[in-house]
2 protein chains.
Amino acid sequence: MSYENLNNRQREILEYIESKKTASYLELESKFDVSNMTIRRDIDFLAQEELVIKTLGGAQLAKSINDVYESPVANRLSINGAEKKAIAIEASNYIEPGEIIYLDGSSTCLELAKKIAEQSKALTIVTNSLLIHMELARSSNISIVSLGGQYDPVSCCLTGPNTEEHAHKYFVKKAFFSTKGFSPSVGTFESSAETFRIKQILASHCDEVILLADHTKFGQKSLCKVFDISQIHTVITDSGLDNDNRVVLEANVAKVITAQLKESVANF
Amino acid sequence: MSYENLNNRQREILEYIESKKTASYLELESKFDVSNMTIRRDIDFLAQEELVIKTLGGAQLAKSINDVYESPVANRLSINGAEKKAIAIEASNYIEPGEIIYLDGSSTCLELAKKIAEQSKALTIVTNSLLIHMELARSSNISIVSLGGQYDPVSCCLTGPNTEEHAHKYFVKKAFFSTKGFSPSVGTFESSAETFRIKQILASHCDEVILLADHTKFGQKSLCKVFDISQIHTVITDSGLDNDNRVVLEANVAKVITAQLKESVANF
DNA sequence: TGACGAATGTTAAAATTCAACACAAAAATG
DNA sequence: CATTTTTGTGTTGAATTTTAACATTCGTCA
């Protein structure tokens, strides 16, 4: 599922298919100047990973929720997929039936939304992410509240002043956020200011601010600081976190939950 | 695309593939007791309609925007599909580049949204329908504004007091509505009061109220009246409308646009 | 009835897939 | 440093699948 399994050629083949929606073996053969069999094996692999679908003389894009999912957010999904999934499982277990929850529009929260939709807890979920809304809409036990506003095609989220105003109306028990970068002594960082205010509003309208941050986020800083470390009640991370960061983290936030990663990211 | 093109066997094959996600020609051959070639041609047709994807020895489900689309609204799409498509084409031609538009959450407006997404007019579109939002999100020329609020899984729309409050903020040039029933002397009717207010608010916040009503809607009344005939500026209907209704309609609304139905619903 | 068109069945040629083996380069081992 | 092992790639031909062309059946309508 995650891109790190792919070698260069496979990655390029996937990108090519992503751009053209479909490609023939012949086409790819000459484009990459390798034998038919090699392309064939690459496609076999990509098909196993469910990234493409094999057709007669070639392959086409698989993406189950086609167009909307071809968003940058969806692509980001594949990065550190195992960590995000593990964190999403821990996070979903941390949610009690009946609770009112906010999910922000990050790829990690999208994973969490998938887990939530699979379970059948009765929940009320507030979100400004179209992708999360779509995932949750599959489950009949979930009452969904969307913050309206201007749609941002890059993040697949609703943003802008009207979203912010709408956000002021809602109060939730647990608010889940992800982040671009996280310093366990300083706080969280984002590269754009787009969703800055919405995150701030919801953080001040909840009982518990929960940060989902896999170990690769630690130490990364970015353009603007969103949350001060003192605002964060709970952090859910994965077992890949090094000890130095863990010590600082545990000193600065009230609760740390660690999702256990399986040793190998097995492809069955 | 719409189910009425399909014969019984094709419909059953599709249902079978929908339930099993994938099927082989062999499997289908014996299941329907026809020759390999017949199944093959059925699958070819279903693949042309983009309902399934051909794979080596069979086919698998295509469903582009998977699960959410299995909603009651999406199913309603297939009813009078030809009429709705024809009306949607007329309606999309009636929209000028740069305009600000409202689309309500009906199946006819969803068809219109598809047509709009296919074209590349730069538009700003306000909607409270998740399905319409998803369709429009495919096009990069469209600025989408979502009315937030409580998600209603039956209609796939956002409703409730917060949606209404949000709706008060927006003013559009043309507002497109559909309806459950329509009397050309009285007005429009809905069977539920859910979206009543939102429709009313937008109708009072636009320059032009446009009703999309295929000929089957005429004469149908229902639980509650939404628009008085005097509120409606323009009606787009199809050529299947009988003369009596047409005379009354033209006497009561300023503009009537008629979408021409093709005699046969040809498969190319 | 019989001519017509649409849907289905039959067949064989063409194309594609697949599995087995061959080979070379890179990595691991002693 | 030579060697074994592993990994990735190429080649081949048999097996399978697809395709196109033609044959047949069925129902409809003059």
Side-chain angles (χ1 to χ4, degrees), chain A residues 1-17 20-62 78 82 263-268, chain B residues 1-18 20-62 78 81-82 261-268:
Chain A
M1 215 73 74
S2 46
Y3 282 33
E4 54 254 46
N5 297 332
L6 275 54
N7 67 28
N8 276 344
R9 180 160 25 75
Q10 289 166 341
R11 197 186 309 263
E12 282 179 58
I13 290 172
L14 180 58
E15 277 166 21
Y16 184 75
I17 296 176
K20 304 246 301 175
K21 308 291 173 205
T22 172
S24 72
Y25 292 129
L26 226 73
E27 207 176 335
L28 295 166
E29 232 172 280
S30 64
K31 192 168 172 60
F32 293 94
D33 201 32
V34 288
S35 75
N36 179 285
M37 258 293 121
T38 299
I39 292 293
R40 207 161 213 100
R41 285 188 268 245
D42 287 342
I43 294 290
D44 275 0
F45 182 73
L46 293 174
Q48 270 204 332
E49 301 284 293
E50 295 185 33
L51 295 165
V52 303
I53 292 169
K54 292 211 282 181
T55 58
L56 225 195
Q60 72 175 70
L61 203 57
S78 28
E263 268 312 300
S264 66
V265 184
N267 299 326
F268 317 25
Chain B
M1 217 72 75
S2 47
Y3 284 30
E4 57 255 48
N5 296 333
L6 277 53
N7 67 30
N8 275 342
R9 179 157 28 72
Q10 288 166 341
R11 196 186 308 264
E12 282 179 59
I13 289 171
L14 180 57
E15 278 166 20
Y16 183 75
I17 296 176
E18 276 179 338
K20 305 245 301 176
K21 306 292 172 205
T22 172
S24 72
Y25 292 127
L26 225 74
E27 206 177 334
L28 295 166
E29 230 172 281
S30 65
K31 190 167 172 62
F32 292 94
D33 201 33
V34 288
S35 76
N36 180 286
M37 258 293 118
T38 300
I39 291 294
R40 210 161 210 102
R41 284 188 269 245
D42 286 342
I43 294 290
D44 275 0
F45 182 73
L46 293 174
Q48 270 205 330
E49 300 285 293
E50 295 184 30
L51 295 164
V52 303
I53 292 169
K54 291 211 284 181
T55 57
L56 226 190
Q60 73 175 67
L61 201 58
S78 29
L261 287 176
K262 290 168 199 75
E263 269 311 300
S264 65
V265 184
N267 301 328
F268 319 27

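So that the names make sense, note that chain A is the first sequence line, chain B the second, and so on, each numbered from 1. Small disclaimer: the values here were computed from a predicted structure and weren't measured.
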query: Whole Å only: how far is the CG atom of A:Asp42 from the P atom of D:dT7?
result: 16 Å
task: Check the pair A:Leu51, A:Ile17 against side chain to side chain contact (heavy atoms under 4.5 Å, CB included), reporting the backbone distance first and the verdict last.
output: CA-CA 10 Å; A:Leu51 295 165; A:Ile17 296 176; over 6 Å; no
- request: Please determine if a side-chain N or O atom of B:Lys54 lies less than 4.0 Å away from the OP1 or OP2 oxygen of D:dT19.
  value: yes
- line: Sorted by chain and number, sequence neighbours left out, side chain to side chain contact (heavy atoms under 4.5 Å, CB included) with A:Arg9 holds for A:Asn7, A:Ile13, A:Phe32, A:Val34, A:Thr38, A:Asp42
statement: For A:Ser24, the side chain to side chain contact (heavy atoms under 4.5 Å, CB included) test, sequence neighbours excluded, returns A:Leu26, A:Glu27
Could you go over nucleotides 25-27 of chain C and give all protein N or O partners under 3.5 Å, atom names and distances?
none

field: All side chain to side chain contact (heavy atoms under 4.5 Å, CB included) counterparts of B:Lys31, not counting sequence neighbours
entry: B:Tyr16
Pairwise N/O distances under 3.5 Å, protein to nucleotides 10-15 of chain D:
{"from": "D:dG10", "atom 1": "OP2", "to": "A:Ser35", "atom 2": "N", "distance (Å)": "2.8"}
{"from": "D:dG10", "atom 1": "OP2", "to": "A:Ser35", "atom 2": "OG", "distance (Å)": "2.8"}
{"from": "D:dG10", "atom 1": "OP2", "to": "A:Thr38", "atom 2": "OG1", "distance (Å)": "2.5"}
{"from": "D:dG10", "atom 1": "N7", "to": "A:Arg41", "atom 2": "NH2", "distance (Å)": "2.7"}
{"from": "D:dG10", "atom 1": "O6", "to": "A:Arg41", "atom 2": "NH1", "distance (Å)": "3.4"}
{"from": "D:dG10", "atom 1": "O6", "to": "A:Arg41", "atom 2": "NH2", "distance (Å)": "3.3"}

statement: Value for CG (A:Asn36) from CZ (A:Arg41), rounded to nearest 0.5 Å, stands at 9.5 Å
- prompt: Which pair of non-hydrogen atoms, one from A:Leu46 and one from A:Gln10, has the smallest distance, and what is that distance?
  reply: CD1-O, 4.0 Å
- request: Looking only at non-hydrogen atoms, find the nearest pair between A:Ile53 and B:Ile53 and report the distance.
  value: CD1-CD1, 3.9 Å
field: Strand-adjacent residues in residues 22-31 of chain A, judged by heavy atoms under 4.0 Å from DNA chain D
entry: none
query: Nearest-Å distance, CG (B:Asp44) to C1' (C:dT8)?
result: 14 Å
query: What is the distance from CZ of A:Phe45 to P of D:dT9, rounded to the nearest Å?
result: 12 Å
- request: For B:Glu29, enumerate each residue passing the salt bridge (charged side-chain N to carboxylate O under 4.0 Å, His left out) test, keeping only those at least two apart in sequence or located in another chain.
  value: none
